Visitor: 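This is the structure I want to talk about, given as structure tokens.
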Amino acid sequence: MNVWTLGIAAFLLLALGLDLAAGFLSLSRAKKGPGPELAGMVPPEGYERVLSYLRARTVFSTVAQVFDMAVLLAFWFAGGFNAWDQAVRRLFGGGILSGLCYLGGLALASALLSLPFEAYDTFILEQRFGFNRTTVKTFLADRAKGAALAVALGVPVASGVMWFFTRMPAHAWLYAWALCAAVAVLLQLIAPSVILPWFFRFQPLEQGSLRDAVNALSRKTGFPLQDITVADGSRRSAKANAFFMGMGKNRRVALFDTLLANHTDDEILAVLAHEIGHAKGQHSLMGLMVSLLVLLLMMFLLSLFVAERSLFSAFFVVEPSVYAGIALFGIVLSPVNLALGIFTSALSRRNERAADRFAVRAVGDSEGLASALRKLSRDNYANPAPHPLSVILHYSHPPLAQRIQAMRAAARDAGGASR
């Protein structure tokens with residue numbers, strides 16, 4: 001056992017401990033109440049339900065994460081990575097086919113181990129709190145579709161990356177990055193029209209007063225909204241949502257049918273204005289650029305990893321290979337991803353605040369969006385006052401109280417500017 005083995009294991013356990021601590025700190029903070037600025041949002045009996053949901057989710061997440069870590073460490077220290085490598089070498093003799101089998105086998109094992117947790121989450125935990133509307137048929141169909149997409153995308157990308165690192169080692173990381181970047185851009189372009197319809201049914205927003213108000217908002221913001229659609233989110237969950245994705249002519253703004261069912265027209269318009277704010281601010285493009293830069297860094301680090309024999313020894317792999325390097329690099333990278341997530345989450349929260357300010361200016365006040373956010377938080381049993389460590393590590397949106405305060409300040413500033 002070399003120093004790399006102990007160092008990597010300690011790094012993984014430290015990241016896990018930090019993640020679990022953040023969850024329990026948020027639960028402890030929530031027990032003290034939502035805070036004076038949100039005290040009237042949920043009645044006491046409703047807040048008890050929020051606490052119960054948060055407690056259940058925290059315990060579930062803890063069990064799932066500890067289980068995953070225990071399985072990883074057991075497989076690792078039992079020599080599983082080397083044993084699996086030797087098995088695929090005996091079957092295929094090395095090369096790209098061995099690599100696909102090696103990576104695919106590990107991915108399949110991970111998916112099968114996570115399946116009971118996903119089923120428990122959907123059919124027991126979410127069911128207990130009245131959120132689940134997913135049938136067993138839909139659950140299995142979603143996993144099958146996800147697996148098909150993973151194979152359709154993963155096989156050619158993994159094959160290309162392995163080929164570059166085997167045949168062109170000097171600049172393989174650049175060629176591999178170019179391949180992955182091209183696929184990422186392609187997904188952004190085709191996801192709204194090709195991939196999302198696999199999972200959701202989309203219908204145009206019906207004609208009526210809401211559609212008229214949407215058209216007026218479109219004219220006011222200078223943003224064409226011909227493709228406003230309603231997604232059948234209620235087939236899977238009672239939780240409401242809205243999203244914007246895609247680029248250029250393939251962008252899509254979608255409202256969940258649960259959002260339309262539970263919110264007023266003013267609230268829906270404010271949520272829609274928020275999504276337009278993301279589109280006008282080019283936040284999807286910004287996120288894509290950041291992810292491509294991170295990917296470039298990861299490919300460069302991968303090129304260093306696969307050339308370092310002692311790192312393979314840390315996982316007891318006897319014969320270094322590109323494909324084993326990719327799998328092992330993903331493990332080493334997981335704590336690094338936690339650190340990178342701090343930056344990407346901060347950027348996401350910045351974009352959310354910018355979209356909120358845009359929505360306030362677009363609809364003329366902050367109350368429509370504030371009311372919608374309060375209702376979404378209440379109906380989804382969201383933690384209204386998470387611990388700052390949880391926010392830093394994981395939250396893509398600012399806490400509710402901060403958002404409402406910032407929106408009201410933006411509304412005051414807009415009112416002052418108009419006078």
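Note that the structure is a prediction, hence the values are computed from the model and not measured.
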Visitor: To the closest 0.5 Å, what do you measure between CG (L269) and CG (L217)?
Guide: 6.0 Å
Visitor: With the side chain counted from C-beta on, respond yes when D85 and Y323 share a heavy-atom pair under 4.5 Å apart, and no when they do not.
Guide: yes
Visitor: Do the ring centers of F81 and W76 come within less than 6.0 Å of each other?
Guide: no
Visitor: Are the side chains of H394 and D19 in touch, meaning some heavy atoms are under 4.5 Å apart?
Guide: yes
Visitor: Just so I know, are the side chains of L73 and L13 near enough to count as touching, which here means a heavy-atom distance under 4.5 Å?
Guide: yes
Visitor: Rounded at 0.5 Å granularity, tell me how far CG in N351 sits from NE2 in H397.
Guide: 10.0 Å
Visitor: Can you find a pair of side-chain heavy atoms, one from L14 and one from P335, that are under 4.5 Å apart?
Guide: no
Visitor: Taking all non-hydrogen atoms of both residues into account, name the closest pair between A410 and V360 and its distance.
Guide: C-CG1, 4.1 Å
Visitor: Measuring only between side-chain heavy atoms, which start at C-beta, is K239 closer than 4.5 Å to T258?
Guide: no
Visitor: If you look at every heavy atom in Y102 and A324, which pair is closest and at what distance?
Guide: CE2-CA, 3.8 Å
Visitor: Taking the side chain from D232 and the backbone from S234, do they hold a donor-acceptor pair closer than 3.5 Å?
Guide: no
Visitor: Regarding Y53 and E126, is there a side-chain donor-to-acceptor distance under 3.5 Å anywhere?
Guide: yes
Visitor: Are the side chain of R353 and the backbone of P398 linked by a donor-acceptor contact shorter than 3.5 Å?
Guide: no
Visitor: Of the non-hydrogen atoms in L51 and L27, which two are nearest, and what is the gap between them?
Guide: O-CD1, 4.5 Å
Visitor: Less than 4.5 Å apart, any side-chain heavy atom of V290 and any of F343?
Guide: yes
Visitor: Show the nearest heavy-atom pair for residues P384 and V50, with the distance to one decimal.
Guide: CD-CG1, 4.4 Å
Visitor: Would you please classify the geometry between the F117 ring and the F67 ring as parallel, tilted or perpendicular, with 30° and 60° separating the classes?
Guide: tilted
Visitor: To the nearest 0.5 Å, how far apart are OG1 in T5 and CZ in F77?
Guide: 6.0 Å
Visitor: Which pairs pass salt bridge (charged side-chain N to carboxylate O under 4.0 Å, His left out) with one or both residues in residues 129-154, sequence neighbours excluded?
Guide: E118-R143, D142-R236
Visitor: side-chain contact (heavy atoms from CB on, under 4.5 Å), that's the test. Do D266 and V363 meet it? Break it down for me.
Guide: CA-CA 9 Å; D266 286 344; V363 301; over 6 Å; no
Visitor: Mark yes or no for whether T138, through its side chain, and T134, through its backbone, hold a donor-acceptor pair below 3.5 Å.
Guide: no
Visitor: Do L259 and L376 touch side chain to side chain, with heavy atoms closer than 4.5 Å?
Guide: yes
Visitor: So for atom CZ, which belongs to R235, do other residues, nucleotides or ligands contribute more than 12 heavy atoms lying within a distance under 6.0 Å?
Guide: yes
Visitor: Examine distances only and state if a side-chain atom of S218 and a backbone atom of F223 form a donor-acceptor pair shorter than 3.5 Å.
Guide: yes
Visitor: Begin from the C-alpha positions of S52 and F129 and carry the test side-chain contact (heavy atoms from CB on, under 4.5 Å) through to its verdict.
Guide: CA-CA 9 Å; S52 180; F129 290 92; 3.6 Å; yes
Visitor: For L255 and H263, run side-chain contact (heavy atoms from CB on, under 4.5 Å): C-alpha distance rounded to whole Å, both residues' side-chain angles, the deciding distance at 0.1 Å, then the answer.
Guide: CA-CA 11 Å; L255 307 173; H263 290 74; over 6 Å; no
Visitor: Using modelled atom types and a 3.5 Å cut-off, is there a donor and acceptor pairing between side-chain atoms of W173 and backbone atoms of L302?
Guide: no
Visitor: Hey, what do you get for CG (L106) to SG (C101), rounding to the nearest 0.5 Å?
Guide: 9.5 Å
Visitor: So how far is it from L369 CG to I268 CD1, rounded to the nearest 0.5 Å?
Guide: 12.5 Å
Visitor: Rounded to the nearest 0.5 Å, what's the gap from CZ on F60 to CG on L125? Could you check?
Guide: 6.5 Å
Visitor: Looking only at side-chain N and O atoms, does H283 offer a donor or acceptor that is under 3.5 Å from a partner on E352?
Guide: no
Visitor: Distance-only, no hydrogens or angles: does the S61 side chain make a donor-acceptor pair with backbone N or O of T58 under 3.5 Å?
Guide: no
Visitor: For E267, is there any backbone N or O sitting under 3.5 Å from a side-chain donor or acceptor partner on K375?
Guide: no
Visitor: Is D356 reaching over with its side chain to a backbone N or O of M407, donor-acceptor style, under 3.5 angstrom?
Guide: no
Visitor: Checking side-chain contact (heavy atoms from CB on, under 4.5 Å) for the pair L187/L153: CA distance, chi angles, key distance, verdict?
Guide: CA-CA 10 Å; L187 285 175; L153 295 171; 3.9 Å; yes
Visitor: Which pair of non-hydrogen atoms, one from F165 and one from M299, has the smallest distance, and what is that distance?
Guide: CZ-O, 4.2 Å
Visitor: May I ask you to decide if A119's main-chain N or O and T122's side chain share a donor-acceptor pair within less than 3.5 Å?
Guide: no
Visitor: Give me the atom names and distance for the closest heavy-atom approach of V306 to G325.
Guide: CG1-CA, 4.0 Å
Visitor: Could you work out, with side-chain hydrogen bond (donor to acceptor under 3.5 Å, both in side chains) as the rule, every residue matching W198, not counting sequence neighbours?
Guide: none
Visitor: Give me the one residue out of V63, D68, T62 that meets side chain to side chain contact (heavy atoms under 4.5 Å, CB included) with V66.
Guide: T62
Visitor: For S371 and G368, indicate whether the former's side chain and the latter's backbone hold a donor-acceptor pair under 3.5 Å.
Guide: no
Visitor: Using a 4.5 Å cut-off on heavy atoms from C-beta on, say whether the side chain of N383 contacts that of R29.
Guide: no
